[in-house]
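In listed order, ligands and their atoms are each counted from 1. As the structure is a prediction and not an experimental result, all values here were calculated from the model. Reckoned from all heavy atoms, side chains included, excluding hydrogens, waters and symmetry mates.
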Amino acid sequence: MEESRKKTLSVIVPVYNEEKNVPLFYEKIQKVLNALNYAWEIVFINDGSLDKSILELEKISKDDSRVRVIDFSRNFGKEIAVTAGINSCIGDACMILDADLQHPIERIPEFIKKWEKGAEVVVGVRAKNKGEGFVKKVGSYIFYKMINQISDMEIVTRATDFRLLDRVVINEFNRLTEKNRMTRALIDWLGFRREYIQFEANERIHGAPAYSFWKLVRLAFNSMISFSLFPLKFAGYMGIIITFLSGLLGVFILVDRYITQELHFSGSVILAVVILFLIGIVLICLGLIALYIANIHAEVTNRPMYIVRKSKNG
Ligand code: UDP
Ligand code: MG
């Protein structure tokens, strides 16, 4: 009886080609979870692994009824895998972490403490990019700088997917329907009371990181597109600048031709200015179309207009 009244913690773990890490991960995490005063479940999402990850996962879930496995038919990517885990978890809170042991399992109790004290989202922030290449470091720096410049919500640098969500956040997250998604940015978009925990990522012991450079670039572009309309409006801004400058030049040429008659612009210069002017107008038209597309985009992503924490009396 006592057992059933305990709150439940769900642990969500996306797995892609982690056959060597899965047993280690389970070994470690079950010790940490058992030491907590919570009932728990682990939801592994096998994201179309090409190795024997699924066999390892099935072995574990056969012996431990608290472990569930969602087995994707193919690789859908980590963002979708985590989403599936959040959709299906039953806990009063869920903890998301990587299967590759890069997220320090032993720090889960600290996340729980913050949650118990009232935080609704507890975000793990990487202290340093240990063991990361120069390109990735610079890339992520530029990405965060840019997205914070052009989108209207703040995304904390080096905030990771290593995070805890309260049930209210999980429920709101489950209402989001957009398909092209970056899970952590969506969670940030939802708001709620948040706390941060600094951690140092361990180095990967087995296997290779699945996110190649280009996959990361794609993810970065996708999230810029879904959280900011700036790229859409860019053509329009360019158009305004070009039209204005070439218009100015055009006036200057006309004035010279018919009034001052000093510089005698050649025909090709005049042609170039006319063409520039027209290009500017075309770009402005593109920008106008972009505004309509932006509206369509907002309707199609179909995000809720607002998020409510709790409403009193119904
Ligand atoms: N992952 C996944 N699907 C993918 C790629 C990765 O579920 O298509 C999982 C992977 O098994 C790991 C986590 O997502 O648990 C983070 O992946 P990875 O270590 O490759 O990324 P990084 O540590 O570079 O962020
Ligand atoms: Mg990793």
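- Listed by number with element, the atoms of ligand 1 under 4.0 Å from a non-hydrogen atom of Asn75 are 3 (N), 4 (C), 8 (O).
- A 4.5 Å side-chain heavy-atom check between Ile29 and Ile42 finds at least one atom pair inside the cut-off.
- Taking the side chain as every heavy atom from C-beta outward, Ile45 and Phe72 approach each other to under 4.5 Å.
- One finds the CG atom of Leu164 at 12.5 Å from the CD atom of Glu110 (value rounded to the nearest 0.5 Å).
- The Val15 neighbourhood of ligand 1 comprises atoms 7 (O), 11 (O), with distances under 4.0 Å to a heavy atom of that residue.
- The CZ atom of Phe199 sits 4.0 Å away from atom OG1 of Thr160, with the distance rounded to the nearest 0.5 Å.
- The pair Asp188-Arg194 meets the salt-bridge criterion, since a charged nitrogen lies less than 4.0 angstrom from a carboxylate oxygen.
- Less than 4.0 angstrom separates some heavy atom of Ala99 from each of these atoms of ligand 1: 15 (O).
- Taking distance alone, with nitrogen or oxygen atoms compared against 3.5 Å, Ala81 stays at or beyond that limit from ligand 1.
- Remark: ligand 1 atoms within the under-4.0 Å shell around heavy atoms of Gln102 are 19 (O), 23 (O).
- Of all atoms in ligand 1, numbered sequentially from 1 with element shown, those under 4.0 Å from a heavy atom of Glu18 are 10 (C), 11 (O), 12 (C), 15 (O).
- No salt bridge links Glu19 with Lys52; every basic N to acidic carboxylate O contact stays at or beyond 4.0 Å.
- For Asp100, the N, O or S atom closest to the Mg ion (ligand 2) goes by the atom name OD2.
- Near Gly77, with a cut-off below 4.0 Å to any heavy atom, the atoms of ligand 1 are 3 (N), 8 (O).
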